[in-house]
Amino acid sequence: MTPDARTGVDHYDRLLAEHYTWMLGGHVHEVAARQAELLAELGLAGTEDDTAVDLGCGSGAQTLALIRLGFSPVIAVDTSRRLLDELLSYVGDTEAVRPMHGDIRTVLPEAAEPGTVAAVVCMGDTLPHLPSKADVPVLLGHICRALVPGGHFVVTYRDLTTELRGTDRFIPVRSSDDRLLTCFLEYRDEDTVIVHDLLHTRTNGAWQQHTGSYPELRLGSSWLVEQCRAAGLDVRHDAADSRGMRILHAVKP
């Protein structure tokens, strides 16, 4: 790991949490509407007392989408207290959400009894933020045990197994009049890429640069499908969207 590369948790607390909603497009409810459409197309629909879990909820786009689809309560899990507080500011019915500040690797056995959760989502590239590939099958085991028969699991992530070279490693994230975010990918080994974020902000006409790095897992789509099946999940959908994000949908038999 490069000397300045921190964990994803540290990186978000220090640099990205403040700008997270801006990175999504600036309007959480608009993103939530699109996420609700995606989840509905995959067959997710909740009724009263159908518990859902949003692993790595961020500022709440997926949590709000799950509420729109009828799930209640939604257990919203994130390592950032700042983002959890922001999520609650968007929620009208606070009883519909149970915020949990914690590690997605360990939270499910604490948050829900086995066989009581109707849906688990882990979206927005959260899964590759885990410290090790060995954490993935363990988490999938927790997810399968938590789900009711017929319960849904949806994950979105970037497949970074194909190494980019040269200037292709610079990826624009978003730009506006006062902010510009670009990331640069440094491939460390077969399992890990170091993501370097270059954030420029403008205040009173002057630009400032803020930088940070963190490791991200290189999860292949076929490997993740195999891990889901090994955990006892039936994979129903596995494809890339127009932005290059992989969407995997699995159901507990």
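Bear in mind that the values here come from a model prediction, so they are computed numbers and not experimental data.
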Count I, L, V, M, F, W, Y as connected when their side-chain heavy atoms are under 4.5 Å apart, and connections chain through other members. Are Leu108 and Val136 then in the same cluster?
yes
All heavy atoms of Leu233 vs all of Ala250, minimum pair found to be CB-CB, 3.9 Å
Rounded to the nearest 0.5 angstrom, the CG-CG distance for Asp168 and Leu185 is 10.0 Å
- Glu190 atom CD, over 12 foreign heavy atoms within 6.0 Å: no
Would you indicate whether the side-chain heavy atoms of Val121 and Leu55 approach each other to under 4.5 Å? no
Value for SG (Cys228) from CZ (Phe153), rounded to nearest 0.5 Å, stands at 5.5 Å
Contacts satisfying side chain to side chain donor-acceptor pair (under 3.5 Å) that involve residues 36-47 (not counting sequence neighbours) are Thr47-Asp50
For the hydrophobic clusters of this structure (ILVMFWY residues joined by side-chain heavy atoms under 4.5 Å, transitively), does one cluster hold both Leu88 and Tyr90?
-> yes
(message) Less than 3.5 Å apart, any donor N or O on the side chain of Thr211 or His196 sitting next to an acceptor on the other?
(response) no
* Audit row: Leu44, His249, side chain to side chain contact (heavy atoms under 4.5 Å, CB included) steps and yes/no -> CA-CA 10 Å; Leu44 276 70; His249 171 222; 4.0 Å; yes
Rounding to 0.5 Å, atoms CZ (Phe184) and CD1 (Ile194) come to a distance of 11.0 Å
Considering only heavy atoms from C-beta outward, does the side chain of Arg188 approach that of Val193 to under 4.5 Å? no
Across all chains, not counting sequence neighbours, the salt bridge (Lys or Arg N to Asp or Glu O under 4.0 Å) partners of Lys252 are none
Problem - Heavy-atom side-chain proximity of Met245 to Met123 below 4.5 angstrom - result: no
Smallest heavy-atom separation, Thr162 atom then Tyr187 atom, equals O-OH, 3.6 Å
Note to self: In the structure I gave you, are the side-chain heavy atoms of Leu66 and Leu64 within less than 4.5 Å of one another anywhere?
What the structure shows: no
Discussion item. Can a side-chain donor-acceptor contact be found between Trp207 and Thr201 if the only test is distance below 3.5 angstrom?
Written reply: no
Worksheet item: Is Leu83 close to Cys57 at the side-chain level, that is, under 4.5 Å between some pair of heavy atoms?
Response: no
Please check: side-chain N/O of Arg218 versus main-chain N/O of Asp189, any donor-acceptor pairing under 3.5 Å? yes
Correct closest heavy-atom pair for Ala36 and Ala65 would be N-CB, 3.6 Å
Examine Leu219 and Val195 and state if one hydrophobic cluster contains both, with Ile, Leu, Val, Met, Phe, Trp and Tyr joined whenever side-chain heavy atoms are less than 4.5 Å apart.
no
- Message: Is it the case that the side chain of Thr156 and the backbone of Ile247 share a donor-acceptor pair, with hydrogens and angles ignored and the cut-off at 3.5 Å?
- Response: no
Report whether Leu38 and Val154 are members of the same hydrophobic cluster (ILVMFWY, side-chain heavy atoms less than 4.5 Å apart, transitive linking).
yes
Transitive ILVMFWY side-chain link Phe71 to Leu84, under 4.5 Å = no
In terms of heavy-atom contacts, Leu24 and Val31 come closest through O-CG2, 3.6 Å
Here the pair of heavy atoms bringing Pro253 nearest to Gly232 is CD-O, 3.1 Å
Here the gap from Thr182 atom OG1 to Ile171 atom CD1, rounded to the nearest 0.5 Å, amounts to 10.0 Å
Smallest heavy-atom separation, Cys122 atom then Leu127 atom, equals SG-N, 4.0 Å
Output for pair (Ser72 OG, Arg98 CZ), nearest 0.5 Å, gives 10.5 Å
- Message: Are the side chains of Arg179 and Arg174 in contact, using a 4.5 Å heavy-atom criterion?
- Response: no
Q. Any donor-acceptor pair under 3.5 Å linking the side chain of Asp159 with the backbone of Ser221?
A. yes
Side-chain donor or acceptor of Arg68 paired with backbone N/O of Ala32 under 3.5 Å = no
_Any heavy-atom pair between the side chains of Met23 and Asp197 that's under 4.5 Å?_
no
- Non-hydrogen side-chain atoms of Leu147 and Val120 separated by less than 4.5 Å: yes
Distance col, row Arg202:CZ vs Ser176:OG, nearest 0.5 angstrom, shows 9.0 Å
* To do: Determine, for Asp238 against Arg246, whether the closest basic-nitrogen to carboxylate-oxygen distance falls under 4.0 angstrom.
  => yes
- Could you walk me through whether Leu180 and Leu199 pass the side chain to side chain contact (heavy atoms under 4.5 Å, CB included) check? CA-CA 6 Å; Leu180 171 64; Leu199 174 68; over 6 Å; no
Worksheet item: Yes or no on side chain to side chain contact (heavy atoms under 4.5 Å, CB included) for Val117 and Ile143, after CA distance, side-chain angles and deciding distance?
Response: CA-CA 9 Å; Val117 175; Ile143 290 169; over 6 Å; no
Ring centre gap for Tyr214 and His129 strictly below 6.0 Å: yes
When Asp78, Asp85, Thr21 are each screened for side chain to side chain donor-acceptor pair (under 3.5 Å) with Ser59, the one that passes is Thr21
Residues pairing under side chain to side chain donor-acceptor pair (under 3.5 Å) where one sits in residues 109-119, two or more places apart or in two chains, turn out to be none
Next item on the list: Apply side chain to side chain contact (heavy atoms under 4.5 Å, CB included) to Asp103 and Val107, showing your working.
Entry: CA-CA 6 Å; Asp103 190 328; Val107 74; over 6 Å; no
- In sequence, state the C-alpha distance, the side-chain angles, and the governing distance for Lys133 and Asp135, and then conclude on salt bridge (charged side-chain N to carboxylate O under 4.0 Å, His left out). CA-CA 5 Å; Lys133 285 184 75 172; Asp135 293 318; over 6 Å; no
* Asked: Does a donor on one side chain and an acceptor on the other come within less than 3.5 Å for His101 and Arg81?
  -> yes
